[in-house]
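Per chain, numbering begins at 1; letters A, B, ... match sequence-line order.
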Amino acid sequence: MTGFFKSDFSTSIGTLYYLWGVEGTNKEVNVIFLGNDEKSFKQYIDKLDVMFSGTEFYEKKCLELEEKILNYLSGKNSSIDLKPLFLMGSDFEKKIWQEAMNIPYGSTVSYRELAQRAGFLKAWRAAGTALNHNPVMLIVPCHRVIRSNGKIGFFGGGVEVKEFLIRLENN
DNA sequence: TGCATGGCGCCGG
DNA sequence: ACCGGCGCCATGC
């Protein structure tokens, strides 16, 4: 694994931090981290324990990401069209994240339903914990997962942000 | 290994 | 409608 680079930018839901990684022989560049919490961003980088190349080479790539996210946050685009690269996480967590990506824009499912769809009939509680470890907010749309009783539930990036995103997608 | 900890769910009062 | 209690399951220490 080589070619990590990172950056941040300002949005309507606060400063977003992101991290790219280049994978495999085809040199595919994908998003490893996207989040609004600087602390977890830094912790993530520490855990990866890698060297970073300069962002200049990837400036175009960064601008593309920022444009896609901003278009999504302004309601202009309903799809973000960025591919995540899960470098960390258990198989269970990856399956939950993967399944969450199948939730259509503008709709919601319960934690229970999500766990079931991913093949874990009774692991709804653990599914919530897995979503809390989602490394790429918005790309894995964990804000579309709410409680069975209709309540909003929690959100790593802040419940207000979760509410904002659900409202955004229903306008 | 056991036990506590989580973005939960369901039932009873 | 709201709460407490108990059940549920993957992780981390």
Side-chain angles (χ1 to χ4, degrees), chain A residues 1 6 8-19 21 23 30-50 65 68-70 72-75 77-171:
Chain A
M1 180 71 54
K6 56 184 167 134
D8 59 77
F9 65 115
S10 165
T11 76
S12 57
I13 58 171
T15 301
L16 294 189
Y17 305 84
Y18 59 92
L19 175 63
E23 183 183 42
N30 289 309
V31 186
I32 294 172
F33 182 95
L34 175 65
N36 65 352
D37 179 25
E38 186 179 14
K39 202 178 293 178
S40 60
F41 177 60
K42 288 179 173 171
Q43 285 175 352
Y44 211 87
I45 289 174
D46 285 344
K47 280 188 188 171
L48 285 174
D49 190 29
V50 290
L65 177 146
K68 283 178 173 175
I69 296 299
L70 291 173
Y72 165 78
L73 289 175
S74 68
N77 286 357
S78 60
S79 110
I80 295 180
D81 189 31
L82 289 169
K83 194 176 159 194
L85 173 57
F86 300 137
L87 286 190
M88 315 208 342
S90 65
D91 285 348
F92 173 76
E93 288 172 323
K94 289 176 186 171
K95 284 177 183 169
I96 294 294
W97 300 338
Q98 205 72 49
E99 191 58 49
M101 287 199 289
N102 293 329
I103 309 169
Y105 181 92
S107 67
T108 57
V109 301
S110 66
Y111 292 93
R112 180 182 186 173
E113 172 69 18
L114 179 69
Q116 288 184 354
R117 288 184 188 178
F120 302 90
L121 194 60
K122 295 180 179 176
W124 55 79
R125 182 63 198 259
T129 307
L131 290 183
N132 189 225
H133 298 147
N134 173 18
V136 283
M137 75 181 295
L138 308 181
I139 297 173
V140 168
C142 56
H143 57 277
R144 295 176 193 152
V145 187
I146 64 174
R147 298 190 61 161
S148 292
N149 60 13
K151 294 203 171 184
I152 187 100
F154 286 79
F155 190 67
V159 176
E160 334 77 54
V161 175
K162 187 172 186 176
E163 288 171 338
F164 171 84
L165 294 172
I166 290 176
R167 270 203 311 273
L168 169 75
E169 295 192 4
N170 284 289
N171 283 339

Participant: To the nearest angstrom, how far is Asn132(A) atom CG from dG12(C) atom P?
Facilitator: 13 Å

Participant: Taking any strand in view, what nucleotide pairs with dG6(B) in a Watson-Crick or G-U wobble way, both distances under 3.5 Å?
Facilitator: dC9(C)

Participant: Nearest to the side chain of Phe120(A), which nucleotide is it out of dG6(B), dG7(C), dA10(C)?
Facilitator: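 The nucleotide sitting nearest to the side chain is dA10(C).
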
Participant: Choose from dG9(B), dG7(B), dC8(B) the nucleotide whose nearest atom is closest to any side-chain atom of Arg112(A).
Facilitator: dG9(B)

Participant: What class does the angle between the rings of Tyr72(A) and His143(A) fall in, given that below 30° is parallel, 30 to 60° is tilted and above 60° is perpendicular?
Facilitator: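 It falls in the tilted class, 30° to 60°.
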
Participant: For the residue pair Phe33(A) and Tyr44(A), categorise the inter-ring angle as parallel (less than 30°), tilted (30 to 60°) or perpendicular (more than 60°).
Facilitator: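 It falls in the tilted class, 30° to 60°.
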
Participant: How is Val145(A) classified with respect to the nucleic acid when contacts are heavy atoms under 4.0 Å: base, sugar-phosphate, or nothing?
Facilitator: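 Val145(A): base contact, heavy atoms under 4.0 Å.
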
Participant: With P as the reference atom in both, quote the distance from dG7(B) to dC6(C) in angstrom, rounded to an integer.
Facilitator: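 Here dG7(B) and dC6(C) have their P atoms 22 Å from each other.
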
Participant: Rounded to whole Å, please give me the gap between CD in Gln116(A) and P in dC8(B).
Facilitator: 16 Å

Participant: What is the distance, to the nearest angstrom, from the OH atom on Tyr111(A) to the C1' atom on dC9(C)?
Facilitator: 16 Å

Participant: Provide, to the nearest angstrom, the distance between the CD1 atom belonging to Ile96(A) and the C1' atom belonging to dG6(B).
Facilitator: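 Taking atom C1' of dG6(B) as the reference, CD1 of Ile96(A) is at 14 Å.
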
Participant: Nearest whole angstrom, please: distance from the C1' of dT11(C) to the CE of Met88(A).
Facilitator: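 After rounding, the reported distance stands at 14 Å.
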
Participant: To the nearest Å, how far apart are Leu131(A) CG and dC9(C) C1'?
Facilitator: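 In whole Å, dC9(C) C1' lies 14 Å from Leu131(A) CG.
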
Participant: Closest nucleotide of DNA chain B for Thr129(A) versus for Glu113(A): which of these residues is on the 5' side?
Facilitator: Thr129(A)

Participant: So which nucleotide does dG12(B) pair with, by the Watson-Crick or G-U wobble rule with both distances under 3.5 Å?
Facilitator: dC3(C)

Participant: Could you please name the option among dG7(B), dG9(B), dC9(C) that lies closest to any side-chain atom of Ala126(A)?
Facilitator: dC9(C)

Participant: Nearest-Å distance, CD (Glu160(A)) to P (dG7(B))?
Facilitator: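 Result: 15 Å.
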
Participant: Got a salt bridge between Lys42(A) and Glu38(A), using NZ or NE/NH1/NH2 to carboxylate O under 4.0 Å?
Facilitator: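 Yes, Lys42(A) and Glu38(A) are salt-bridged.
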
Participant: Could you tell me how far apart Trp124(A) (CH2) and dT11(C) (C1') are, to the nearest whole angstrom?
Facilitator: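 Rounded to the whole Å, the gap is 18 Å.
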
Participant: Heavy-atom nearest nucleotide on DNA chain C for Arg125(A) versus His133(A): which residue maps closer to 5'?
Facilitator: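 Whichever sits nearer the 5' end wins; that is Arg125(A).
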
Participant: Rounded to the nearest 0.5 Å, how far does CG of Leu65(A) lie from CG of Leu70(A)?
Facilitator: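 That separation rounds to 9.0 Å.
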
Participant: Heavy atoms under 4.0 Å, any strand shown: does Phe92(A) hit a base, just sugar-phosphate, or nothing?
Facilitator: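 Touches sugar-phosphate only.
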
Participant: Any chance you could measure Ile103(A), atom CD1, to Thr108(A), atom OG1, to the nearest 0.5 Å?
Facilitator: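 Between Ile103(A) CD1 and Thr108(A) OG1, I get 8.5 Å after rounding to 0.5 Å.
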
Participant: To the side chain of Glu93(A), which of dT11(C), dC8(B), dG7(B) is closest?
Facilitator: dT11(C)

Participant: What's the closest nucleotide to the Lys151(A) side chain, out of dG6(B), dC2(C), dC9(C)?
Facilitator: dC2(C)

